Amino acid sequence: MEGSSVALSSKLGEGQFSLKASRESNLHPAARMTARYDVAIVGGGPAGLCAALWLARYLHKVVVVDSGDPRNWETRGINGYLGHHGIRSPELRAIGREEGAKFGVDYVSGIVDEAINETGELFAIRLREGTVIEAQRILLAIGIKDVWPDIPGLERCYGETVHVCPDCDGYETRDKKTVVVGKGRKAVGTALALTTWTRQIVICTNGEKPDMDQKLLDQLKTLNIPVLDQPITCLVSKSSEISGIELKDGMSLDCERLYFAIGQYPADDLGAQLGCKRDELGRLVIDERNHTSVKNVYAAGDIAPGPQVAIVAAASGAVAAVAIHASLVPEGRTLLPTTSA
C-alpha cells in the first residue's frame with residue numbers, strides 16, 4: 001500500500017491544473033503543514049514518478065502531487081518504453097507509484113492553484129482544497145495539453161485510432177489511410193513524419209485557411225498529399241475504430257487513422273508563477289541538468305523542450321533527480337574544486 005503523511009491517491013497523472021492570474025501569496029502560517037519535504041514534485045507521469053523514485057533512493061523526503069488528468073488518458077498503449085512496450089498509461093503509473101512507495105515517496109491527489117518562492121531555498125505549493133506543502137526544491141513535471149479540433153465523435157477514437165504523436169503511434173499507421181487535421185507548418189510536419197509508415201495521407205484544415213506557402217504546397221504535391229479546407233462535420237467510427245470523416249460539402253473520406261496537429265499549451269501556469277523563463281511555445285527553458293532559470297526550480301518531461309516520448313520523459317526525470325540531489329548535498333560533503341597551479 002502507498003503511504004502518505006498528507007493524503008493518498010491511486011489516481012495520479014500529468015494533470016490539468018488551474019490557471020491563476022494572481023501572483024501574490026495570501027498563505028497564512030497557521031495553514032501550513034508542520035512537515036516539510038526536501039522535494040515537491042508536481043505531476044505524476046513518467047517524469048515525475050521516475051524522479052521521485054531516484055530522489056527517494058537518495059534518502060530524500062519526497063512528495064508527488066497530481067490531479068489525475070494525464071495527457072495520454074486514453075492511449076491504447078505506450079509504445080517504445082523499454083521493458084514495458086505497449087503498456088497502458090494507468091498501469092505504468094500504478095507500477096511507478098508502487099515502486100516509489102517502497103522507498104517512502106508520498107503521493108497527494110489535488111489541483112495546485114499556487115506556487116510561491118518563499119526564500120529561494122524554501123517553496124510552498126497550495127492545493128485548491130487548502131493544503132499547503134513546503135519543500136526546499138520544486139520539480140515541475142506538469143506536462144502539456146493538446147488543442148483539440150472541434151470534430152464530433154473524436155473523443156470516441158482518441159488513443160485508439162486517433163493520435164497526436166507520429167513518433168509514438170506511427171508504426172501502427174503503416175499502410176493506413178490517414179488524415180492529418182491542422183494547418184501550416186505543424187500539419188505539414190506531421191504529414192511528412194507519417195510518410196515513414198504510409199503514403200496514403202490527406203491534410204484537412206477543418207475550415208481554416210491552409211496557411212502554407214508555395215514551397216510547402218509544392219512539397220506536398222510531390223508526395224501526393226492533398227490539402228482539403230472544408231470543415232469536418234463528423235467522424236465516422238465503430239466503437240473506437242475510425243472509418244471515415246464527413247465534410248461539409250457532402251464529401252466522405254475514407255480514413256483508418258487520424259492525427260491532429262493544432263497546438264499545445266502548458267498544463268498549468270506554475271512555471272510562470274515562479275518566474276521561470278519560457279520559450280515561444282510556453283515550455284520551460286532548462287539547462288543540461290534540467291534546472292530552470294529560477295534557482296532550485298527544475299522541470300522534466302513534456303513541459304520542457306524535447307521529444308514528447310514517454311521514455312524520454314522518464315529519463316529527464318532521472319536527470320533532474322540527480323541534479324536536485326547534488327544541490328541538496330551540504331558543501332562539506334562535496335568534492336572540493338581543483339586549484340590552479
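The model shown is predicted, which means the values in this text are computed figures rather than measured ones.
Nearest heavy atoms, Ala135 versus Val39: CB-C, 3.9 Å.
Between Leu55 and Arg137 there is no side-chain heavy-atom pair separated by less than 4.5 Å. The side-chain heavy atoms of His84 and Ile95, taken from C-beta on, include a pair separated by under 4.5 Å. Side-chain contact between Cys168 and His163 is absent, with no heavy atoms from C-beta onward closer than 4.5 Å. Contact annotation: the side chain of Trp54 never approaches that of Val319 to less than 4.5 Å [non-hydrogen atoms, C-beta and beyond]. Under the 4.5 Å side-chain criterion, counting only non-hydrogen atoms from C-beta, Val181 is in contact with Ile262. Between Leu235 and Cys157 the shortest side-chain heavy-atom distance falls below 4.5 Å. In this structure the side chain of Phe123 reaches within 4.5 angstrom of the side chain of Val297, judged on heavy atoms.
Rounded to the nearest 0.5 Å, atoms CD1 (Ile133) and CG (Leu127) are 5.5 Å apart. Considering CD1 of Ile245 and CG of Leu253, their distance stands at 4.5 Å, rounded to 0.5 Å.
Stacking of Lys61 on the aromatic ring of Tyr37 is recorded, both the 6.0 Å distance cut-off and the 45° axial limit being met.
Applying the ring-ring contact (aromatic ring centres under 6.0 Å, His included) rule to Tyr81 yields no partners; only residues at least two apart in sequence or on another chain are considered.
Between the side chains of Glu256 and Gln200, no donor-acceptor pair of N or O atoms lies under 3.5 Å. Neither side chain, Tyr58 nor Asp38, offers a donor N or O lying under 3.5 Å from an acceptor on the other.
When Thr178, Ile203, Val180 are each tested for a side-chain contact (heavy atoms from CB on, under 4.5 Å) with Ile225, only one passes: Ile203.
The stretch residues 204-232 participates, sequence neighbours left out, in these salt bridge (charged side-chain N to carboxylate O under 4.0 Å, His left out) pairs: Lys183-Glu208.
Between Asp113 and Arg128, at least one side-chain nitrogen of the basic residue sits less than 4.0 Å from a carboxylate oxygen of the acidic one, meeting the salt-bridge criterion.
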